[in-house]
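What you are looking at is a predicted structure, and each value in this text was computed from that prediction instead of being measured.
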Amino acid sequence: MRAEGLETRNGTAGIVAMSLPLAQEEQARADMYGLIARLLLAPPDDALLASLASLADASDRDSSGVTDAVDSEQPLGRAWLALSHAARANAGAAVRDEFAELFVSTSIPTINPYGSLYLAGFLHEKPLAALRTDLAGLGLARRSGALETEDHLGALCETMRRMILGGEGMPRQPLARQQAFFKVHIASWSGTCLDHLRQADGACFYASVADFIAAYFDIERDAFEVASDFADD
């Protein structure tokens with residue numbers, strides 16, 4: 001998946017590109033961020049819904065109720081399976097209609113997942129300017145013609161994916177830099193936004209999406225804190 005609305009500037013953040021193979025857990029993190037971005041930036045197509053539903057199908061066939069892919073005893077595992085069941089229970093057309101009702105409007109959408117709105121009360125405020133400064137430090141800029149501003153939660157998750165994977169002229173970013181970006185531009189407001197999405201009238205599939213994202217962000221927050229504690233020792 002390509003970072004929605006972002007392109008690489010000439011030059012990067014001055015960090016030496018890493019040539020070592022990407023660790024499996026880091027690829028998994030990048031894939032999670034990519035999936036979240038995909039679900040927030042556009043409604044899932046039938047192929048993606050079928051892929052999500054397949055985990056619930058596998059779990060139902062497993063006599064233990066648990067697949068190798070998730071641990072259903074943990075919050076993220078439960079949220080992942082609930083999302084999978086929601087994908088199986090909702091037709092593609094219904095999910096796309098739900099996306100339109102929640103995120104698209106000729107006036108004010110039900111859900112506006114923009115950091116500036118949640119942090120400052122209005123769109124295009126100082127938090128967006130600060131984000132653009134940080135993106136410039138990463139060698140990224142908004143792509144000409146992009147529909148969403150850079151502080152859209154989906155776009156921010158695509159940025160995290162890019163920071164983990166590197167590529168397209170931007171090297172992988174150190175964990176500390178990922179943590180700083182996540183803390184300032186995502187964790188500072190996303191919880192409230194996800195609560196709004198979970199409780200929104202008409203939210204069915206996307207209520208499960210909100211639970212899944214919140215559970216994953218909790219994992220990220222805890223992992224960053226553990227890594228930071230080790231770095232301080």
Checklist entry - Is the distance between the ring centroids of His152 and Phe103 less than 6.0 Å? => result no
Next on the checklist: Counting the benzene-type ring for Trp, do Phe182 and Phe217 have ring centres under 6.0 Å apart?
Outcome noted: yes
Hphob cluster co-occupancy, [X] + [Y], side-chain heavy atoms under 4.5 angstrom:
{"X": "Phe122", "Y": "Tyr118", "answer": "no"}
{"X": "Leu48", "Y": "Tyr206", "answer": "yes"}
{"X": "Leu175", "Y": "Val184", "answer": "no"}

Checklist outcome for this item: From the list Leu52, Leu194, Leu83, Val95, side-chain contact (heavy atoms from CB on, under 4.5 Å) with Val209 holds only for Leu83
Checklist entry - Only one of Thr159, Leu131, Leu156, Leu140 forms a side-chain contact (heavy atoms from CB on, under 4.5 Å) with Glu150, so which one is it? => result Leu131
Distance (rounded to the nearest 0.5 Å) between [X] [atom1] and [Y] [atom2]:
{"X": "His124", "Y": "Leu117", "atom1": "NE2", "atom2": "CG", "answer": "10.0 Å"}
{"X": "Ser54", "Y": "Arg88", "atom1": "OG", "atom2": "CZ", "answer": "10.5 Å"}
{"X": "Glu220", "Y": "Cys157", "atom1": "CD", "atom2": "SG", "answer": "9.5 Å"}
{"X": "Gln27", "Y": "Asp31", "atom1": "CD", "atom2": "CG", "answer": "4.5 Å"}
{"X": "Leu76", "Y": "Met32", "atom1": "CG", "atom2": "CE", "answer": "5.0 Å"}
{"X": "Ile186", "Y": "Cys193", "atom1": "CD1", "atom2": "SG", "answer": "11.5 Å"}

Closest heavy-atom pair and its distance - [X], [Y]:
{"X": "Ala200", "Y": "Ile111", "value": "CB-CD1, 4.2 Å"}
{"X": "Trp80", "Y": "Leu35", "value": "CZ3-CD2, 3.5 Å"}
{"X": "Gln179", "Y": "Glu225", "value": "NE2-N, 4.2 Å"}
{"X": "Leu49", "Y": "Ala87", "value": "O-CB, 3.6 Å"}
{"X": "Glu98", "Y": "Ala207", "value": "OE2-N, 4.4 Å"}
{"X": "Trp189", "Y": "Tyr114", "value": "CH2-C, 3.8 Å"}

Checklist entry - Are more than 12 heavy atoms from other residues, nucleotides or ligands located less than 6.0 Å from atom CD of Gln199? => result yes
Checklist entry - Is the number of heavy atoms from other residues, nucleotides or ligands under 6.0 Å of Asp222 CG greater than 12? => result yes
Are [X] and [Y] side-chain neighbours, meaning at least one heavy-atom pair lies under 4.5 Å?
{"X": "Arg198", "Y": "Asp195", "result": "yes"}
{"X": "Leu40", "Y": "Ile213", "result": "yes"}
{"X": "Thr149", "Y": "Arg132", "result": "yes"}
{"X": "Met163", "Y": "Leu138", "result": "yes"}
{"X": "Asp151", "Y": "His185", "result": "no"}
{"X": "Phe212", "Y": "Leu81", "result": "no"}
{"X": "Arg96", "Y": "Asp46", "result": "yes"}
{"X": "Ser105", "Y": "Thr110", "result": "no"}

Checklist entry - Do Asp134 and Arg177 pass the side chain to side chain contact (heavy atoms under 4.5 Å, CB included) test, and can you show the C-alpha distance, the side-chain angles, and the key distance before you say yes or no? => result CA-CA 10 Å; Asp134 286 348; Arg177 196 164 194 181; over 6 Å; no
Checklist entry - In terms of ring plane angle, is the pair Tyr216 and Tyr33 parallel, tilted or perpendicular, where the classes change at 30° and 60°? => result perpendicular
Next on the checklist: Pair Phe181, Leu135 - check side chain to side chain contact (heavy atoms under 4.5 Å, CB included), show working.
Outcome noted: CA-CA 9 Å; Phe181 187 93; Leu135 290 174; 4.1 Å; yes
